[in-house]
Amino acid sequence: MSAPFEERSGVVPCGTPWGQWYQTLEEVFIEVQVPPGTRAQDIQCDLQSRHVALAVGGREILKGKLFDSTIADEGTWTLEDRKMVRIVLTKTKRDAANCWTSLLESEYAADPWVQDQMQRKLTLERFQKENPGFDFSGAEISGNYTKGGPDFSNLEK
């Protein structure tokens, strides 16, 4: 089980007009399709704790207040194969109860089915983190998984 949980179990993407975004317990990933042949010098990307802005060739692609806070110093962007910009943001609150329902406060919300699948995935990732000897990557979950699933922290071992 050396691969990260999301590589073994897949991701639950939320499609947008410019690409997609998805999340893990600790990070939010934004994948923006850009014109083939785009160069890094054509990209202007501003990452702050609660704000993101991306322009390509002077054209604004994405701008607004993030759904929740991130650690500004740890945000990165890369240009991949000169056709996609990947932005990685580190969540300030890193637990299954912090499932972002949209990328920005007023835009790019996941539909109810995608939100449900995202919450399931984060809950399974939480179980994986709490039980490293088990593999939850192919598991199904039902019942009480909203807000990160049941709290077992006060049970005696």
Side-chain angles (χ1 to χ4, degrees), residues 3-129 136-142 144-149:
F5 183 80
E6 66 273 8
E7 285 182 23
R8 294 191 322 274
S9 64
V11 298
V12 179
C14 179
T16 66
W18 39 258
Q20 66 181 10
W21 69 274
Y22 59 92
Q23 63 187 311
T24 65
L25 279 176
E26 299 187 356
E27 296 172 314
V28 174
F29 296 83
I30 305 168
E31 296 178 348
V32 180
Q33 301 302 316
V34 296
T38 297
R39 298 171 301 163
Q41 64 195 36
D42 300 328
I43 298 170
Q44 298 82 43
C45 188
D46 180 31
L47 304 176
Q48 298 174 21
S49 175
R50 288 293 309 259
H51 187 268
V52 63
L54 176 69
V56 178
R59 194 176 120 246
E60 184 178 282
I61 306 288
L62 172 66
K63 183 177 183 178
K65 189 172 183 181
L66 293 166
F67 179 79
D68 204 349
S69 63
T70 63
I71 301 171
D73 302 13
E74 295 183 17
T76 60
W77 68 269
T78 55
L79 176 62
E80 298 182 11
D81 299 325
R82 297 181 72 175
K83 62 182 179 182
M84 182 183 74
V85 174
R86 182 186 314 270
I87 300 171
V88 181
L89 305 170
T90 303
K91 294 178 178 179
T92 303
K93 296 177 232 155
R94 293 172 245 182
D95 57 49
N98 186 31
C99 182
W100 289 24
T101 56
S102 66
L103 179 61
L104 303 180
E105 280 190 342
S106 59
E107 289 184 277
Y108 312 119
D111 66 49
W113 185 85
V114 171
Q115 286 180 24
D116 180 70
Q117 296 304 306
M118 285 179 168
Q119 185 64 66
R120 288 175 187 240
K121 185 69 71 179
L122 293 186
T123 300
L124 288 171
E125 189 177 352
R126 177 195 133 204
F127 291 162
Q128 181 69 62
K129 199 172 193 176
F136 290 92
S137 62
E140 292 292 325
I141 189 170
S142 63
N144 181 15
Y145 57 86
T146 58
K147 299 292 183 203

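Just so you know, residue 1 is the first one in the sequence shown, and it goes up from there. Owing to the predicted nature of the structure, the values given are computational and were not obtained by experimental measurement.
Annotation: side chain of Lys63 is not in contact with side chain of Leu54 (no heavy-atom distance under 4.5 Å). Contact of the Phe67 side chain with the Val28 side chain is not registered, since no non-hydrogen atoms from C-beta on lie closer than 4.5 Å. Side chains of Ile87 and Cys45 form a contact here, defined as non-hydrogen atoms less than 4.5 Å apart. In this structure, the side chains of Ile43 and Thr38 come closer than 4.5 Å at one or more pairs of heavy atoms. Residues Val52 and Leu104 have side chains in contact (heavy-atom distance under 4.5 Å, counting atoms from C-beta outward). Residues Phe127 and Glu125 are not in side-chain contact: their nearest non-hydrogen atoms beyond the backbone lie 4.5 Å or more apart. By the 4.5 Å heavy-atom criterion applied to side chains, Tyr22 and Glu31 are counted as neighbours. No side-chain heavy atom of Asp116 sits under 4.5 Å from any side-chain heavy atom of Gln119.
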- Message: Set out, in order, the CA-CA distance, both residues' side-chain angles and the distance that settles side chain to side chain contact (heavy atoms under 4.5 Å, CB included) for Arg86 and Met84, then state yes or no.
- Response: CA-CA 6 Å; Arg86 182 186 314 270; Met84 182 183 74; 3.3 Å; yes

- Worked verdict on Leu124 versus Leu122 for side chain to side chain contact (heavy atoms under 4.5 Å, CB included): CA-CA 5 Å; Leu124 288 171; Leu122 293 186; over 6 Å; no

- Query: How far apart are the C-alpha atoms of Ile30 and Trp77, what are their side-chain angles, what is the distance that settles it, and do they pass the side chain to side chain contact (heavy atoms under 4.5 Å, CB included) test?
  - Reply: CA-CA 9 Å; Ile30 305 168; Trp77 68 269; over 6 Å; no

- Task: List the steps, then state whether side chain to side chain contact (heavy atoms under 4.5 Å, CB included) holds for Cys99 with Gln115.
- Result: CA-CA 8 Å; Cys99 182; Gln115 286 180 24; over 6 Å; no

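Interatomic distance, CZ of Arg59 versus CG of Asp42, reported as 12.5 Å (0.5 Å rounding). Note that OG1 of Thr76 is 7.5 Å distant from CG of Leu47, once rounded to the nearest 0.5 Å. Between the CD atom of Glu107 and the OG atom of Ser102 there is a distance of 9.5 Å, given to the nearest 0.5 Å. The line from OG of Ser49 to CD of Glu74 is 11.5 Å long, rounded to the nearest 0.5 Å. One distance of note links CH2 of Trp21 with CG of Leu62; it measures 12.0 Å at 0.5 Å rounding. A distance of 10.0 Å separates OG1 in Thr90 from CG in Asp73, rounded to the nearest 0.5 Å.
Asp111 contributes a side-chain N or O that, together with a main-chain N or O of Trp113, makes up a donor-acceptor pair within less than 3.5 Å. Distance alone, capped at 3.5 Å, places no donor-acceptor pair between the Gln33 side chain and the Gly19 backbone.
A salt bridge is absent between Asp68 and Lys91; no separation between the charged side-chain nitrogens and carboxylate oxygens falls under 4.0 Å. With respect to the salt-bridge test (charged N to carboxylate O, under 4.0 angstrom), the residues Arg94 and Glu27 do not qualify.
Taking each heavy atom of Ala110 and Cys14 in turn, the nearest pair found is CA-SG, 3.5 Å. Residues Leu66 and Glu105 share a closest heavy-atom pair of O-CG, 3.5 Å.
Ring planes of Trp18 and Tyr108: perpendicular class, angle over 60° (limits at 30 and 60°).
By the side-chain hydrogen bond (donor to acceptor under 3.5 Å, both in side chains) test, Ser69 pairs with Thr92, sequence neighbours left out.
A donor-acceptor contact under 3.5 angstrom links the side chains of Thr78 and Glu80, judged on distance only. Using modelled atom types, one finds no donor on one side chain facing an acceptor on the other under 3.5 Å when comparing Gln44 with Asp46.
With Met118 as the fixed residue, the side chain to side chain contact (heavy atoms under 4.5 Å, CB included) test singles out one of Thr101, Thr24, Thr123, Val12: Val12.
When the shell of 6.0 Å around CD of Glu140 is examined, it contains 12 or fewer heavy atoms from other residues, nucleotides or ligands.
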